[in-house]
There are 2 protein chains.
Amino acid sequence: MNNEIKELVDRYIAVSFMVNRTGENLIKNEVGSTLTNDQHYTLRYIHGAHSCTSTELAEVFAVKKSAITAIISRLWEKGFILRTRNEKDRRVVYLSLTEKGERLFLETETKIHKLVESFLNEFEQAEIQQFIQTYEKLNKILIERKEVELEECL
Amino acid sequence: MNNEIKELVDRYIAVSFMVNRTGENLIKNEVGSTLTNDQHYTLRYIHGAHSCTSTELAEVFAVKKSAITAIISRLWEKGFILRTRNEKDRRVVYLSLTEKGERLFLETETKIHKLVESFLNEFEQAEIQQFIQTYEKLNKILIERKEVELEECL
DNA sequence: AAATATAGTTTCACTATTGAACTATTTAAG
DNA sequence: CTTAAATAGTTCAATAGTGAAACTATATTT
């Protein structure tokens, strides 16, 4: 096997693990004690979509619907989320943010933005541009891979 | 605030979230039913260090020592890990892999290597080289940031 | 009308995590 | 030397996230 590639793979595995860990921890510091990271990501998605369903969240986060129900219920208990039945199809429940949820998300989002900005600023703009571009390409490849695997499961 | 940077920050947040999620899920598929991802990462670290302590693992993974005790105990129950008391300082316990643990790690590691290699191969070597280099730089910045925050807590 | 599919929930079992109390051991101070 | 403080690791209770399976309610297909 090509040795150069082996080295790249090793480096990728090591660095992606560390950056994820550290990044998640930094976010936890910002998100603070009101929310967990997963709860914050959930608010983020609903905020971006304005309104969505559990099934949609389960697909995006790649977990089972029962996992989503649990997260949503906790957010709902804290008053951050609204559950609205679709009157056309009474099986589906639309999820959206309450005033309180919206406010909390925007607050923490600002903090996270400043955090991410502060370390992206330590790079040349061109370098970070290139980095994110490759990162997005990687994302596409991973998504395709996932779709192929799903098809194989038929 | 600079609008170009805001866009980069948004893209970074979105793509890093998605790649992490998808990546973790792909690894879960490879690691299979014998181990969780965290357990695999733990085996990986111990394998690389040959031998280490709980305190060391807690620092690297950025979690409390009680979290490590739990993971290690599960791995120990399954016979993947050896706990050896240091005779010079009887408080410390050295962790190492059993034959069985070593074998399991190498098997799953090979699979993960192939997986990572398969998608890194979809890039030009130069592009992925640059990507990993920037990623590593980011890692350094994050580590420095963490150290600064730790000092502030004094 | 009956069978099947879909959206979401509930329950159970398990893993990861923190914080606090605790044991055993080592190091530092008086 | 003895006591006080520090360190390594464990235990325990509580909380969050997760998947699997059974379940409810509603919609679609046959």
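Order of the sequence lines fixes the chain letters, A, B, ..., with proteins taken first and strands second; residue numbering starts at 1 for each chain. Given the structure is predicted, the values throughout are model-derived calculations rather than measurements.
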Next on the checklist: Taking the ring centre of each residue, are B/Tyr45 and A/Phe17 less than 6.0 Å apart?
Outcome noted: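 No, ring centres 6.0 Å or more apart.
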Next on the checklist: If you take the centroid of each ring, where Trp contributes its six-membered ring, are A/Tyr135 and A/Phe131 closer together than 6.0 Å?
Outcome noted: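 Distance test on ring centres: under 6.0 Å, yes.
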Next on the checklist: Is the shortest side-chain heavy-atom distance between B/Leu138 and A/Glu122 below 4.5 Å?
Outcome noted: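 No, side chains not in contact.
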Item to check | Residues in contact with DNA chain D, drawn from residues 37-45 of chain B - heavy-atom cutoff 4.0 Å | outcome: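 Nothing qualifies; none.
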Without decimals, in angstroms, what is the distance between [X] [atom1] and [N] [atom2]?
X: B/Trp76; N: D/dG9; atom1: CH2; atom2: P; value: 16 Å
X: B/Ile72; N: D/dG9; atom1: CD1; atom2: C1'; value: 12 Å
X: B/Arg74; N: C/dT17; atom1: CZ; atom2: P; value: 9 Å
X: B/Asn86; N: C/dT27; atom1: CG; atom2: C1'; value: 15 Å
X: A/Glu59; N: C/dG8; atom1: CD; atom2: P; value: 10 Å
X: B/Lys88; N: C/dT26; atom1: NZ; atom2: P; value: 12 Å
X: A/Arg91; N: C/dT9; atom1: CZ; atom2: P; value: 14 Å
X: A/Leu57; N: C/dT9; atom1: CG; atom2: C1'; value: 15 Å

Sugar-phosphate, base or nothing in reach of [X], heavy atoms under 4.0 Å:
X: A/Arg83; result: sugar-phosphate
X: A/Thr69; result: base
X: B/Ser73; result: nothing
X: B/Ile68; result: nothing
X: A/Ser54; result: sugar-phosphate

Checklist entry - If you check the A/Ala70 side chain, which of D/dG9, D/dT18, C/dG8 turns out closest? => result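 Looking only at heavy atoms from C-beta outward on A/Ala70, the closest nucleotide is D/dT18.
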Checklist entry - Between C/dT17, D/dG9, C/dT26, which nucleotide gets closest to the side-chain atoms of B/Ile71? => result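 The nucleotide sitting nearest to the side chain is C/dT17.
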Next on the checklist: Can you say whether a donor on the side chain of B/Arg90 sits under 3.5 Å from an acceptor on the base of C/dT25, or the other way round?
Outcome noted: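 No, the side chain and the base share no sub-3.5 Å donor-acceptor pair.
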Item to check | B/Glu127/A/Lys137 salt bridge by N-O under 4.0 Å criterion | outcome: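 Looking at A/Lys137 and B/Glu127, the cut-off is met.
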Next on the checklist: Does this structure show an ion pair linking A/Arg11 with A/Glu7, if we count only N-O contacts that are shorter than 4.0 Å?
Outcome noted: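 Yes.
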Next on the checklist: Could you check whether B/Arg85 makes a cation-pi contact with B/Tyr94, meaning its NZ or CZ is under 6.0 Å from the centre of the six-membered ring and within 45° of the ring axis?
Outcome noted: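 No, cation not above the ring by the 6.0 Å, 45° rule.
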Item to check | Which residue lies more 5' along DNA chain C, comparing A/Glu56 with A/Arg21 via nearest heavy atoms | outcome: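 Residue closer to the 5' terminus by nearest nucleotide: A/Glu56.
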Checklist entry - For B/Thr34 and B/Val31, which heavy atoms make the closest approach, and how far apart are they? => result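 Reported closest heavy-atom pair: OG1-O, 4.0 Å.
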Checklist entry - Which heavy atom in A/Arg21 sits nearest to a heavy atom in B/Phe61, and how many Å separate them? => result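 Looking at all heavy atoms of both residues, the shortest contact is NH1-O, 3.4 Å.
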Checklist entry - Going by the angle between their ring planes, with limits at 30° and 60°, are A/Tyr12 and B/Phe119 parallel, tilted or perpendicular? => result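 Perpendicular.
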Checklist entry - Is the shortest side-chain N/O distance from A/Thr55 to OP1 or OP2 of C/dG8 below 4.0 Å? => result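 Yes, within the criterion.
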Item to check | 5′-ward residue of the pair A/Thr36/B/Tyr94 relative to DNA chain D | outcome: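 On the 5' side of the pair lies B/Tyr94.
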Next on the checklist: side-chain contact (heavy atoms from CB on, under 4.5 Å), that's the test. Do A/Leu57 and A/Ile72 meet it? Break it down for me.
Outcome noted: CA-CA 10 Å; A/Leu57 277 169; A/Ile72 293 296; 4.0 Å; yes
Each nucleotide N or O in nucleotides 19-21 of chain D that has a protein N or O under 3.5 Å away: list the pair and distance.
| unit_1 | atom_1 | unit_2 | atom_2 | d |
| --- | --- | --- | --- | --- |
| D/dG19 | OP2 | A/Lys64 | N | 2.6 |
| D/dG19 | N7 | A/Ser66 | OG | 3.2 |
| D/dA20 | N6 | A/Ser66 | OG | 3.1 |

